[in-house]
Each structure stands twice: as structure tokens, then as C-alpha cells.
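Reviewing the structure listed below.
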Amino acid sequence: MARKIGIYVCHCGSNIAGTIDVEEVARWAGATIDGVAVARDYKFMCSSLGQQMIEEDIRKKGLTGVVVAACSPHLHEKTFRRACEHAELNPYLCQMVNLREHCSWVCADKAAGTAKAKALVYAAAERVKQQVPLEPMEVQVNPATLVVGGGIAGLQATLELADAGYHVYLVEREPSIGGHMAQFDKTFPTLDCSACILTPKMSEAGQHANVTLLTYSELEEVSGSVGNFKVKVRKKARYVDETICTGCGICIEKCPRRVVDNGFEAGLGQRKAIYTPFPQAVPRIPVIDTAACIWFDRGKCRACEKLCPTNAIAFDQEDEIVELQVGNIVLATGWKLFDCHKLPQYGYGRLPNVYTNMEFERLCNAAGPTNGKIVLRDGKTEPKSVAVIHCVGSRDVRHNESCSAVCCMAALKFGHLVLEKTKAEVYSFYIDMRTYHKGYEEFFQRLLKEGMHFVRGKVAEVTDAARTPGEEGKLIVQVEDTLVGQQQRIAVDMVVLMGALEPQADAKELGLKCGISCSMQGWYTERHPKLDPVATMTDGVFVAGACQGPKDIPASVVQGAAAAARISGMIAKGHVMIEPIVASIQEDKCSGCKICNTMCPYNAIEFDEPAGVSRVISSMCKGCGTCVAACPAGAISGAHFNNAQIMAEIRGILWDAVPSGNGQAPGVPAAALNP
Amino acid sequence: MKYAYYPGCSLEVNSAAYDISVRAVAQLLSIELQEIDDWNCCGATEYFSQDELTACAVIARNLALVDDKVEQLIAPCAACFLNLKKTDKLMSDSAEMNGRVNTCLAAGGLSYRPGRVLVRHLLDVIHGDIGEAAVRDKVVRPLTGLRVAPYYGCQWVRPMSDVDNPEYPMKMDDLFTWLGAEVVDYPVKAHCCGGHMTQISEPQAFELIRRLLQSAVDARADMILCMCPMCQLNLDAYQGRVNGHFGAEFKLPIIFFTQLLGIAFGIAPEQLGFGKEIVAALPVIKAWLGRAAAAVA
Amino acid sequence: MSDPTFEPKIVGFCCNWCSYRAADLAGTARIKYAPNVRIIRLMCSGRVDPGFVLSALANGADGVLIAGCHPGECHYLSQNYKAMRRYHVLKHTLAALGLEPDRLRLVWASAAEGQQLAEAIDRLVEDIRKLGPLRWPANWEAEPCCQEAVESIAREHQEAMEVLP
Amino acid sequence: MSHAAKTKGKLAIYWAASCGGCEISLLQIDAKILDLAAAFDLVMCPCIADGKVRDIEKMPDGAIDVCLFNGGVRTSEQEYMAKLLRRKSKVLVAFGSCASEGCIPGLANLNDRQSIFDTVYKEGSATAPENPADCRPQQATPVPEGTLHLPLFYDTLKTLGQTVAVDYYLPGCPPEAGNIWAAIAAIVEGKLPPRGAVLGLNTTVCDECKRKRSEKKIRKFHRTWQVIPDEETCLLEQGLLCCGIATRAGCGALCPQVNSPCIGCHGANEGVEDYGARLQSAVASVIDSSDPAEIEQIIADGIPDPVGTFYRFSLAGSLLRRKNKRASADGVGRG
């Protein structure tokens, strides 16, 4: 049928018209490109008037394709597709030309800009002639949701969804939910006790009818796609039967083996071989640490088993794989602490009284190993002076270029706690003091009044090499006070290193399982850093909390709730529309060579043995087109990006490059040009 | 493997012990050293502060003189090591500098392509290329019970920190752990020895030296091991003056790490240049050998 | 051989998620770079079919740019590796067909690397400018003498027939 | 053949730049040749009958019912004949790989007239010693009787489709007798697909190959003489660069059957614009490495002659048609 193409060139005020002669481009297109029924330019195409103009042309002139030469499709493709839809033209018969981002804004010279613009428009016109109507695909949404990570962000998302009446599977790697927040004593800037605000949420999640807790468990495998994910979770053997255990704690009490607790107590305290991380753990069911347990070590003991009133100890328990079906996934896997050994000049690990921030959290915590007493490693001496060093592993090109966001406020909190609990002097060594949220700056001012000392400068080293008798037996902090412009040596009893927040070691691996990518550093990549920081590039997979980037508690809670809201919306609607940009296999052309099957990272291509052909499961296809390019038989076609369309685009974009004479590219055989 | 060898001026006279022990140890580890023919002074630290081009040209001459068939160069002196490395880098980073230096070299009928020669320090070669296993099975006299304080100084890792941790170097620590010595962990092992400060302002220099000696003594070290002639000179030759200045009683042998390495490998002390140091090291070593023998008996 | 007035025409294939967005970013940041690269959007560098590159050259392009997400950061997990493999094979073949290696280039650009992409484009354009025009189709444009030769045959045959009894 | 009764049609078979194998293959239709003879008068077939060009020239346009044209176009004479036969024939069939996509003669497009003549008349071991004076073919040579003419030898071999409009393509080097007969029968019975179509199957050789196939991961390509492949499993999976994945079916997987990889003589599958592009893309995609250096090594070791591998039969018909002339002049890409 005869093609009637409409071409619409946008001025975007002066954004495009400034460097491109848009009138000329429109005039030229109308005169030059074959099949163009109408070519116009307009101040702002995306304005309602601009859209109306396009819609009218479609109706009145019966356009079969529309080319909008304006800004990036990532900005306004939806807008103009909607306009076409209003005028009953299939939205996939609309093609955008990225004149603004890819041409006018990057070209210095108007002539060159206009020439480039013409080529881009020509390409789009040739392409749109090859485009065909497509219908978005509708997928039902399974109302159950998987939340990975039981820290504050994951808890928030879980409770929001559960309270909305939807079922949630909450998977947590540790024996208890709670995450880092459970280790803290106070929370800035209000100083309310972390446990007091967290534990109610934990127990609520533990008891909620709509929540299935899977603690001491890890995500094994994810398949399927938005609306219908299939998930495998590994429940690690606890050696305690959850169905019988009452959490009475006798086993823990009677267990003869004590070990240093490098997990929850950050190495400061001890725990038994059978343990719950902390008294308020949810669930209160203990786990046996096989590395420590005497039975696993020497085949003796079993004290816990003998003394358990409900015979819940099960030494024969094994890991079990649980299969779940969910519609959406929230990753809230949090962060890990920077390894302070990597900065030997600060002496962590060498100098006993150098602590990490997490160690210090436990030190301050009333429920911690010292019952909240701030004392040196000897366990009794109260420090007379404490130094808090900021940005340890953060804002440091050698380790993490980024700012860890929470350390300044945490450092101030530490300062307050020291001043409150001891008579010590407290020094903060900072690069910049970053206190930018509600009540934060006020907290900083409060600490200034409380008498915390602030030295602006990056600490060169922490050493025990005394130079003066006064320094003997102390830790000396060598620093240039950049405000005074002087080298200083400040002798203290205790040093706290504000270690950086880093991505979990296995963040990339987990991301791959869920089909989402990470930043160079390892933080999960959101769909849009500003306008969509909750969703990811993979539909149905959301991120919340510090796994997306360093965050404090309020920000994590916000993101957790936001993810939940997005998911509730999808569940309430019941279905999602997914772009029809998927691959399909023309079975009569397929010879079953099995090249394509290895191409798909989403296993969307299945092989039908009896028929001897491959098939694309369109609901699982993400439309990358790699198999289309790989198929040696040319049997696979990618909707909206098929060969005919791209080849037409190439010919169009080079309209001014083909030399005269018989320079046309050959077709062999001549007829073999169908998509 | 064959390396070009750049001894540098110090190793000719006051640090001859370093040169002797380097050659002895290298031979034993079958590190073939081919001394650069007609090498010249690296200009030490001063030249660069005077005139970068001159400094580079003077140093580049040595690189240009390296045999085409040899790809790596060993400079035992930390200052020479740094200067050679720095020159190569300045030339590869800036086409302009490269051009100007090569113009200078051309005057002498020479030329040098940046990156042609890889500048190494012996410590790095032994630690990396030879490696733990090979070093361990060369040991005939384990240094068990000997407390050593490795001293790195500045130029080994600063400003170019690609060979070791710039804040807290460890390679000499590793090496002597392999040899069975008790390596003391003292906090100032990468602090400055004062360099030429001794010529400018003795009180400052002496304070810097004292800190190093004090810290090593506090750590109950039997001796300090150096990898730089300047460091060795300052700590050894000025120890008396420092004692006088502070009324201290330091009597800490300061030797080159290659000398003790040689002992562990069973090379006779006289073949390692012992006796040239001012604070005698042999008595300490003999005493230790005595202790060791006693321990065995 | 290098002609400063020569403006190369280069086709760029960008993936929807990283490199195309990098180009968008270059725009939003008003980074000026050579106008010679004309970008075609694909969903993924894994969609780049060697045929696209050949078609571009056969249609008169002086060079081709393929841009994708950084290895390990592909929005489709690992598809840019397939692009990389094809790129190397194709380069191998094109070398044998006498294409200067500098005319085909693969670059990685994350959505945040507008500056880097702009620089990469400028470099490519400069390198190709040095090489001069490619004019691949001219390779098979018949020399005038061919037409002439065919006609002369026709003429001879005409004459031959006239002399028949 | 039932239609033998009605007035006989006229058949022309022409032979341009090709080896003659197509004619041999035609004869392999055996007894069917009688049916052919019954159906057609053979007005021209330089290989087996003495038809005169001038007779063809005298015919009215469209007088010939079917012309099977094999061979590519690499001289002025061949171009003349192609145009002549196009004019005179109702149905022009590009007969076999040479006419369709250039085939082996098309690999001459890796060189040009000059270098080919140099090879033949100067460097060639067979001819050069006989030719000390380095005589070259002249288009016109005056002799007492008048002027002798030789056709012009082109720089670039063209396919028939690049020279004149072709009605049908019959793939294969040579086309298998069965397929030839099927094509002729279809023509006679007028059961023809739309013009421009390829008379053959729309799938690839794997479809006809009995070998066991699984998902592919290749770490090393072997040359055929390096390994004795296992008879059961897919040759490509064994590291032999079997072109069957990309090659149009119709031969019954002849080569794989005898444990030898397909070399692609049937050309590309329906809808594929560039055979080599498809093949490289597929093969590259399953190279089992993500390290550029290693990939380059695998390719360099395993595919020393990429053009001869991916474009053995289709170079002249490919998107790029030939080697870059300017390059072959200044030596880029040589060796």
C-alpha cells in the first residue's frame, strides 16, 4: 500500500532551532524523501498544540507513519506514541529523531548540524516505512512478593505490602532479621534507641499473617519475568527444628563452647556454638555454628540435644531448597563495612585501641559486650580522650571514591555518646562536615556546644611512636589542621575509624541472578538516578536501601516504602503491559542448529526436540536482539528492530554518501530483502 | 635472568658494603647483573629541584646506555631507583619532555624510547620474581631469634607507590619473615631519615634520626635493615652525634638488607662487606649465632 | 593524502541503555563533538549484525562505530560480549578485504560517560579523516571502458552480419 | 512428460565464468534428458551443441522460453551475452552458484585485472616460462586479415543478478541433478514462485543433517586435516567450521554425511542479504571466551583465511562484492 509519512521537526524553542535550520529540514524532507505526505516544523512539538497538529494530520491525511524530529526518545517517545494512539495510528508506527541531544546540542556549526539533521530524518523516514503495527503484551501479576534482605529497608517494604493485604516472602541470610540497625545503640539525630524503634517492626514482621520469614536462607536462582518469577531459596541447615523450637534458650545457656562473635558483636563479644545473634532476634530460633560446635568438631557433646525440652535439636538436618512463585522482587541487601586493615597507617589490627565504627556501636550499646560502657580493649579503663576519624575508605580514590553519606552524622552521634557516658575529650577529624537532612545541621551545632573538638584535615597516620614524654603510651593522631594550616599531633587513648559503606561482596552475583546490573563500585543500578531510583532496568525487580548506594535509616525506609507502593500499584491493577519488542522464530526457516539457544541469558529460547526447531517464550524475552543477529538461517526476527528496518535506516542515514553510477548496494538474490 | 645494573655513586665509596652484598646475593640467586657501561650520576634529589630537563637528560643517558637485549634494570639505591623511574615516566607522560630529552641525548649520539627499560629495585625483584619458595630453599642459616627492624625510608614507595603499600610497606618484612627472623613491627618504618637535612640543620636531622632509632629500640630490634645508602649513612654515621645531642646511648647496628640476606644464605660475612659500618654489626650477629647454637644444644 | 576538507560520514550503532544514553548525556551537558557520526539506536550492542556494518560500508560510509555498555555492565547481562566476539571476527575478515582497521571501532560507554563517548567519537573522526574517504561502492563501479567494450562487441557482430551473403 | 506433446519450447544454456560443472550436473538427470529433449529444442549450449550467437541475435526478443545461465560475468563478452540472452529469453535462470553469487571465480575479486595478469603471465609457474617477453592479452590485435578482438577482462567479477534482471536462482556448486530437474519441471508445468525467487528450500543444511546437535561453545577451530571428526555429533561443535548452519538446504547434507564440513555452496537462506555476515555472526557468537586477546588468538589460529571461509562461494554476490581496490593497491590487508 502507498506509504504516507508525516514528518514533524521541532524547534524546541531555540534548543534545536539554534543550531539547526529546522524550516529548511522540514522543507527539504517534504521535497526530497519519497512517500512524505506532509512535513512541518513547530516551536514545541511536545506541547498539546503540537500533538494536536500531528493527530489532525493522521486523521485528515491518513498518515501511515509519523516521524517526530525532536528530543531523545527516552524523553518523549511515549508522548508521541500516545498522540498517534489518540488518532488511531498504531503507536509503533511513530519514530523519533533525536535532533536535540544527538545533534543541535552537540554541534558547533549550523551548516554541519543541519546536514546531520537531514541524514537522521531521512533514516527515520526510511525506517518508519518498514515499521509494522505492534500490540503491547499483557501479563498477569502474581500478588506475592519476594523481599531479599531483612534490614530496615526490607522490613519496611515487607510490612507495607503485608499490611496492604499481599503476601510477602522475606529472605534473610542471617539467623535473624534486623540487619545493621539491630547492632546500633542510638540513631541520629534524635538519639532514640535503635532497638526501641526497630524491634517492634521485627516482631510485627515475625507474626504477620501475610509474611513468610525465611531466615538463615539465601537466594539461589531466579527465572521468569515481571508478574511471574520463579525463585529458588536455599534454607541453610539450622540443626534446630523450627516447627518444634519454642526459643526457650536452654540450649544456648547449656552449650559449653564459647567463640568470639565476629558477626553481630563485631568481634568484641562472644557467643555460644548454638546461638541467636541477639536476645530480641526474630525468629528466636537458634542455629548451630558447625565450625564451632563440639559435636561437629569431635563427635562428642550433644548437650543441647539432651537438654532441649522439646527435642527440637536436629543434627541430621540438611540444607533445603524452597521454590516460590512471586510477581515482583525487592532487593534490600544492604552494605558491608570497609576493611580498615587496608589503611595500615591508621593501625587497625596493630594498635589495640583503634576501633571500627561497628565495633564502637557495640561498645556503646547497652545490650553490648560491655553493657554500654565505653572502655579500652583491656575491658576496664575508660578513655580520657577519643579521636573519631572520618572518611576511612570513603572519598579516597584508592578505595571508594564515593562519600558514605552516614559517617558524619554517626561520628557526631559517637561524639555525643562519649561525652554523655565519659569525661573524655572527643576529637572529630573530618574532610567536610556533611549534615544535610532535617535536624542534622542542628545536631552538629548541638555537638559544637557540647564541646566536641573538630579538626578539619585528613589524618596522615595513627601511631604509638611517642616523640614527647606526654605522648608515651598514647595513640598519636598526626594531621594537618587545614583551617589553621598547621601540622598537629593529638595524643588520645582511643581512635574510632569511620569505615566506609561498601557494596556486599556478592552484590554483582545476586544482581546477575535477578538480571540487574551494578555500578563500577558494585551498587545496584536504578532505572533512573533521579526520576526512578526504586525500579531497575528489569521490570519487576526493585531496589531499596543501601544496596543501591550508601544511605541512612530514614532514606532506607523511604525507599523501602516506595518500592512497596510501586508493587502494590501493579498488584492492584492485576496486570502489566510489556513492550512487544521481542524476538520470534520463523519455524519453517529454523533448522534447529541450536546457535541461538546459548545466546539468551534469560533462557527465553526453548528447543522443541520433536519438531526440531527453537521457539522464543515471548514473556521471558527482553528484546535485546542478540539471537536475531546470531541466527545463521535468518530465521529469527526482532519486533520493531528487524533487519529490514535497520537496513532501511542505514540506507537512509547515508542518503548523501552513495556515489553516483551503479553504486547501489547489491541484493543477492535480488528478492531476498524481505524482513 | 639478566638485568642491567646501575650501582650509583654511593655504592662506589661509602656504601660499598651495599654493592658487595648486592652482587654476592644476586649471584647466589642467579640474578645476572650487567653493569651499565660508563654510567653517570643520577643527580640525586637536588637536580630535579634545580632543572627538570637537565635532571632528566642526565638520568636518561643511563637508560639509553642499557644494552638493547636487556629489558629490566636494577638500582639498589632508593634515590637512583626513584630518579630513573621518574625520568622514564616523565618522558612517557609528556611527548614534549620526551622530545627535549632525546634532543639532549642526540647530542651524545644516544636516544631512549620511554618504557623501553623497566626500572626495578632489588628488593622488589627478590620478593616478586624470585619469590618465597626459591628464597626459602636458599636459606642455610635461618635467622631464627634475630630481631630485625626493616627500614624503608621515603623513596622506595613515595611518590611512586606501585611497588609496595605507600603508607606501610611490607616487602622487606615478608622477605625476612621467610628467612626466619623476628621482624619487629615498628610504626616509623617508612618515615624520613632526614636526608640531606644533616647538612642544613643538624637539630632537625638528629630529631628525625632519633625517632627512628628510638622506635626500633622500643621494639627491641637487634638491628635496622636499610635499602637506601642515604638512610644507612644517616642512621649509622650520625648515631654518635645523635647520642651526644640527646644524651642517649643508642648502639644499634644499621646494615643493608642484602648483607643479612647473605648471612641467611650462608655467605661469609667478609664477602658481604661487614666491618665497613660504624656501629659494628658483627658482634651482634656473633652473639645471635651464639644464642642460636646454645638453643640447638 | 589527508584532506582537511574531507568530512567523514560515519554510522554509529549505540545500545539503548548505556551508549545511547551516554550520547544523550553528552547532549544535555552541551559537550561539542564532531558531527560526523550518525547514531542508530539498537536495544543492545548484541543486536549489531555484521551485516549492518557491511551495509553501512556498502552504502558509502567512511567508517563505523559500535558502542555498548561496559563489559559486565550490559543491561542484558552479557550480550555485549557477543558483540565483542563478532566485532573481532568481522575485523579479521574486513582486514582481509582491505579495510583499514581504524575504520571500524568498538567502544564501551556507560550511561554516565557522555564526555568519554564524545572524546571517542572525536578520536575516531580524526583517525578516519587521516585515512581519507573510503568510497567502497566505487570499488565495483564499472570502468567506462567496460561499457565501451560491450558496445564494440555489438558493433562487430552487426558488421559481421552485414557481410553475410 | 505429458506436455511433450504440445509445441516444443526453446531452451538455451550458456556458460560464462564457471567451470562447466553445471553442465555435467545437468547431464546427471540421466534418462530425464529425453523428456527434456522432448520438451525443448536446445537453441544454444556451447558446451554440448554448436549454437551460433548470431542465430540468437537474429531471434525476436523473448523467443527463447528458458535460459539456464551459469557462470559469473567477468568479461565484456560475458556481459554482452548476459544482456543478449536476457533480451531473448522469457525466463532467465541464474543456474548454479557462479551465476547466483560468483562462486569460486568470484574469489578473483580479492585481486584485480593487473595482479591476475601478473600472476598468470609473469609469476605463474605454468605460463610465465613460456612467456619471457611478458606478452599480455590485447583487446585488439591487427593481423593481415584485419583486426582480431579479445573481450575486455574486468577488474571485478559480477553476478548475473548484478548484470541483468534475473527471474530465478538455482543454488549449488553444482546444482544437484534432482533439484535441476525439479526446477525444469516447475518451469514446464508453469508452477513457479514469484519472480526473483530462489528455486529451493527455505531452511539450512542442519535441517537435513542427521548429526546430534547440542548447545554450542567453541574454544578452538580445527582445520579439516587436523582432526578426524566423530561421526555422530555436530561438526561445528567439534570445532570444524561447518557452514551448514548458514547454508541453504537442498543437497541433503552431502558433505556432513561423509564426515566433511559443509563449505556453503548453496549460499544463503531465504531473506538473508549477506551470507558471510550471517555465518560470521553465528560462529563468532559461540566462541567461548570473553577476553579480547584470547578471542583474537582463537580466530587467528582457527580461521587464517576468513574470506575463503565465510565467502568462499558468495564474495562477488556479497554486500562488499570485492576487496578494497585502493587497499589492494597499497597492500593493506594482504597476507
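Chain letters run A, B, ... following the sequence lines, proteins first, then strands; residues in each count from 1. Keep in mind that the numbers below use all heavy atoms, side chains included, and drop hydrogens, waters and symmetry copies.
Against chain C, the residues from residues 115-129 of chain A that qualify, each with a non-hydrogen atom under 4.5 angstrom away, are A:Lys116, A:Ala119, A:Leu120 in number order.
Note: C:Arg47 CZ to A:Phe641 CZ = 9.0 Å, rounded to the nearest 0.5 Å. Within the model, atoms CD of C:Gln79 and OH of A:Tyr602 stand 7.0 Å from one another, a figure rounded to the nearest 0.5 Å. In this structure, A:Thr19 OG1 and C:Arg30 CZ are separated by 9.5 Å, a value rounded to the nearest 0.5 Å. The CG atom of C:Leu42 sits 5.0 Å away from the CD1 atom of A:Ile646 when rounded to the nearest 0.5 Å. For the atom pair SG (A:Cys624) and CG (C:Asn80), the distance works out to 10.5 Å, reported to the nearest 0.5 Å.
Within the 4.5 angstrom heavy-atom criterion, atoms from both the backbone and the side chain of C:Lys32 approach chain A. With a 4.5 angstrom heavy-atom cutoff, C:Thr28 touches chain A via backbone and side-chain atoms both. For C:Arg41, the parts lying under 4.5 angstrom from a heavy atom of chain A are both the backbone and the side chain. For a residue to count as touching a neighbouring chain, one of its non-hydrogen atoms must lie under 4.5 Å from one of that chain's; by this rule C:Asp62 does not touch chain A. Using a 4.5 Å cut-off between heavy atoms, A:Ile581 contacts chain C through its side chain alone, with no backbone atom that close. Neither the backbone nor the side chain of A:Asp109 has a heavy atom closer than 4.5 Å to any heavy atom of chain C.
The side-chain contact (heavy atoms from CB on, under 4.5 Å) with A:Ile653 is formed by just one residue from the set C:Asn59, C:Ile39, C:Ile40; it is C:Ile40.
Partners of A:His74 under the ring-ring contact (aromatic ring centres under 6.0 Å, His included) rule, at least two apart in sequence or in another chain, are C:Tyr20. Under the rule for a ring-ring contact (aromatic ring centres under 6.0 Å, His included), the partners of C:His75 that lie at least two apart in sequence or sit in another chain are C:Trp17. With sequence neighbours excluded, the residues satisfying ring-ring contact (aromatic ring centres under 6.0 Å, His included) with A:Tyr92 are A:His640.
Chain A forms the most heavy-atom pairs under 4.5 Å with one residue out of C:Asn36, C:Leu25, C:Leu77, and that residue is C:Leu77. Chain A forms the most heavy-atom pairs under 4.5 Å with one residue out of C:Ala61, C:Ala29, C:Ala83, C:Cys69, and that residue is C:Ala61.
Taking all atoms of both residues into account, the shortest heavy-atom contact from A:Asp656 to C:Lys9 is OD2-CE, 3.2 Å. The two atoms that bring A:Leu654 and C:Arg38 nearest to each other are CA-NH1, 4.3 Å, heavy atoms only. When all heavy atoms of C:Gly46 and A:Ala629 are compared, the closest pair comes out as O-CB, 3.6 Å. Minimum heavy-atom separation, C:Tyr76 to A:Pro601: O-CG, 3.5 Å.
Annotation: A:Glu401, atom CD; neighbour count of heavy atoms from other residues, nucleotides and ligands within 6.0 Å does not exceed 12.
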- Task: Report the C-alpha separation of C:Asp49 and A:Val628 in whole Å, then their side-chain angles, then the decisive distance to 0.1 Å, and conclude whether the side chain to side chain contact (heavy atoms under 4.5 Å, CB included) test is met.
- Result: CA-CA 8 Å; C:Asp49 182 327; A:Val628 183; over 6 Å; no

- Does the side chain to side chain contact (heavy atoms under 4.5 Å, CB included) test come out yes or no for A:Thr626 and C:Tyr81, once each step is laid out? CA-CA 10 Å; A:Thr626 306; C:Tyr81 286 112; over 6 Å; no

